[in-house]
Amino acid sequence: MRSPGTGPPYDGPPPGEPTYGGDTPPYGYGADEPPYGRRAAPLGGRVRRLVAGVIDLVIVGVLTSPFSATAVERGPTGDLTAVHTGNGLVLGLIWFLYFWLLTAFWRGQTAGKKLMRLRVVQDPTQEPVTAGQAAVREALYGIFSVVCCLGLLDLLWILFDGKKQALHDKAASTIVVDA
C-alpha cells in the first residue's frame with residue numbers, strides 16, 4: 001500500500017509532459033509581488049528633476065536662438081526702441097518637438113533627464129511612455145508655461161504631491177523615476 005500523497009495524481013505529469021499549471025512565472029510577475037513589481041524604480045528626486053529641467057531649457061534656448069532675435073531700431077524722433085523679430089510658432093514647435101520626441105522615443109529621457117539619471121514612465125506600471133502620453137505631457141507643460149501663473153503652479157505641485165507629479169504628469173498618467 002502506498003503512503004498518502006504518493007501515486008497518481010500526486011506524482012506529476014507523465015515523463016515529457018509539461019508540469020501542471022505550466023512553468024513558474026518569470027521574475028517580477030508572481031502573485032506575491034508588490035503592485036509595481038520588485039524592480040520598480042524609486043521616484044526621481046525633486047532637485048534633480050529641477051536641474052534636469054534647467055539643462056533642457058538651456059538646450060532648447062540654444063536650439064531656438066537662431067529663430068528669435070531682438071533688434072534695436074532708431075525711431076523718427078531719434079529714440080532707440082527694441083524690436084523683437086522672432087517667430088513664436090517656430091519657437092513653440094521646436095520646443096515641443098525637443099521634449100516630445102526625446103521623451104517618447106529616447107527611453108523617456110531628455111538630455112537633461114539623462115544627465116541627471118531620470119526618466120519618464122507610465123504610472124503605475126512603470127512601463128515606457130507611449131508617444132501619445134508624451135505628447136499630452138509636453139503639450140500641457142507648454143500650455144501651462146505660457147499661461148499666467150499656471151507654469152509656476154505646475155512646478156510647485158511637485159513639492160506637495162506624494163508621487164512628486166506635476167500637473168502635466170497627472171494629466172498624462174506619468175511619473176519621473178530614477179533611470
Side-chain angles (χ1 to χ4, degrees), residues 28 33-72 81-179:
E33 299 292 325
Y36 300 130
R38 286 188 191 173
R39 296 185 180 185
L43 294 172
R46 292 175 175 98
V47 173
R48 286 189 305 142
R49 190 170 174 181
L50 178 65
V51 171
V54 169
I55 292 169
D56 287 329
L57 289 178
V58 168
I59 292 170
V60 170
V62 169
L63 291 174
T64 58
S65 63
F67 303 101
S68 60
T70 301
V72 177
T81 58
V83 178
H84 298 286
T85 59
N87 185 337
L89 184 61
V90 172
L91 299 177
L93 183 63
I94 291 170
W95 177 91
F96 175 77
L97 289 175
Y98 171 84
F99 283 99
W100 174 61
L101 291 174
L102 291 180
T103 301
F105 302 108
W106 201 30
R107 296 190 65 236
Q109 294 178 302
T110 58
K113 283 186 180 67
K114 189 160 184 77
L115 287 171
M116 298 309 296
R117 295 189 176 115
L118 297 168
R119 67 186 177 106
V120 180
V121 295
Q122 292 183 31
D123 179 36
T125 62
Q126 292 201 10
E127 293 176 6
V129 292
T130 64
Q133 281 179 304
V136 167
R137 182 180 192 274
E138 305 314 334
L140 286 176
Y141 180 50
I143 291 168
F144 290 159
S145 297
V146 297
V147 175
C148 177
C149 302
L150 285 182
L152 182 60
L153 178 65
D154 185 43
L155 292 176
L156 291 176
W157 201 272
I158 297 169
L159 298 175
F160 306 105
D161 188 77
K163 291 184 182 179
K164 302 177 187 177
Q165 287 178 297
L167 294 175
H168 61 273
D169 287 314
K170 288 191 172 298
S173 296
T174 59
I175 52 176
V176 178
V177 297
D178 291 343

*asked:* Nearest 0.5 angstrom please: H168 NE2 to E138 CD, how far?
replied: 6.0 Å
_Shortest non-hydrogen contact between G44 and L118, atoms and distance_ = CA-CD2, 3.5 Å
*For L102, does its backbone N or O pair with a side-chain atom of Q109 as donor and acceptor, under 3.5 Å?*
no
*Heavy-atom closest contact (Q133 atom, S173 atom, distance)*: NE2-O, 3.4 Å
_Any heavy-atom pair between the side chains of T130 and Q122 that's under 4.5 Å?_
yes
_With a 4.5 Å cut-off on side-chain heavy atoms, are V177 and R119 touching?_
yes
*Going by heavy atoms in the side chains, are T174 and V121 under 4.5 Å from each other?*
no
_Ion pair check, D169 and K163, cut-off under 4.0 Å_ = no
*Nearest heavy atoms of A41 and Q126, plus distance in Å*: N-OE1, 2.8 Å
_Flag if over 12 foreign heavy atoms under 6.0 Å of CZ, R107_ = no
*Taking all non-hydrogen atoms of both residues, which atom of A131 and which atom of F105 are closest, and how far apart?*
CB-CZ, 4.0 Å
*Kindly state each residue pair satisfying side-chain hydrogen bond (donor to acceptor under 3.5 Å, both in side chains) with at least one member in residues 54-64, sequence neighbours excluded.*
D56-Y98, D56-T110
_Counting C-beta onward and ignoring hydrogens, is there a side-chain heavy-atom pair between K164 and I175 closer than 4.5 Å?_
no
*With side chains defined as the heavy atoms from C-beta onward, is the minimum distance between R137 and V129 less than 4.5 Å?*
no
*What residues, two or more places apart in sequence or in another chain, satisfy ring-ring contact (aromatic ring centres under 6.0 Å, His included) together with W95?*
F99, Y141
*Whether over 12 other heavy atoms sit under 6.0 Å from R46 CZ*: yes
*Criterion side-chain contact (heavy atoms from CB on, under 4.5 Å) on L153 and L167, from CA distance to verdict*: CA-CA 8 Å; L153 178 65; L167 294 175; 4.1 Å; yes
*Can you see which heavy atom on D178 is nearest to which on G45, and at what distance?*
OD1-N, 4.4 Å
*Could you give the distance from CG (L43) to CD1 (I158), rounded to the nearest 0.5 Å?*
11.5 Å
*Taking C-beta and beyond as the side chain, do K170 and D161 meet within less than 4.5 Å on heavy atoms?*
yes
*Which atoms form the tightest heavy-atom contact between A171 and L140, and what is the distance?*
CB-CD1, 3.2 Å
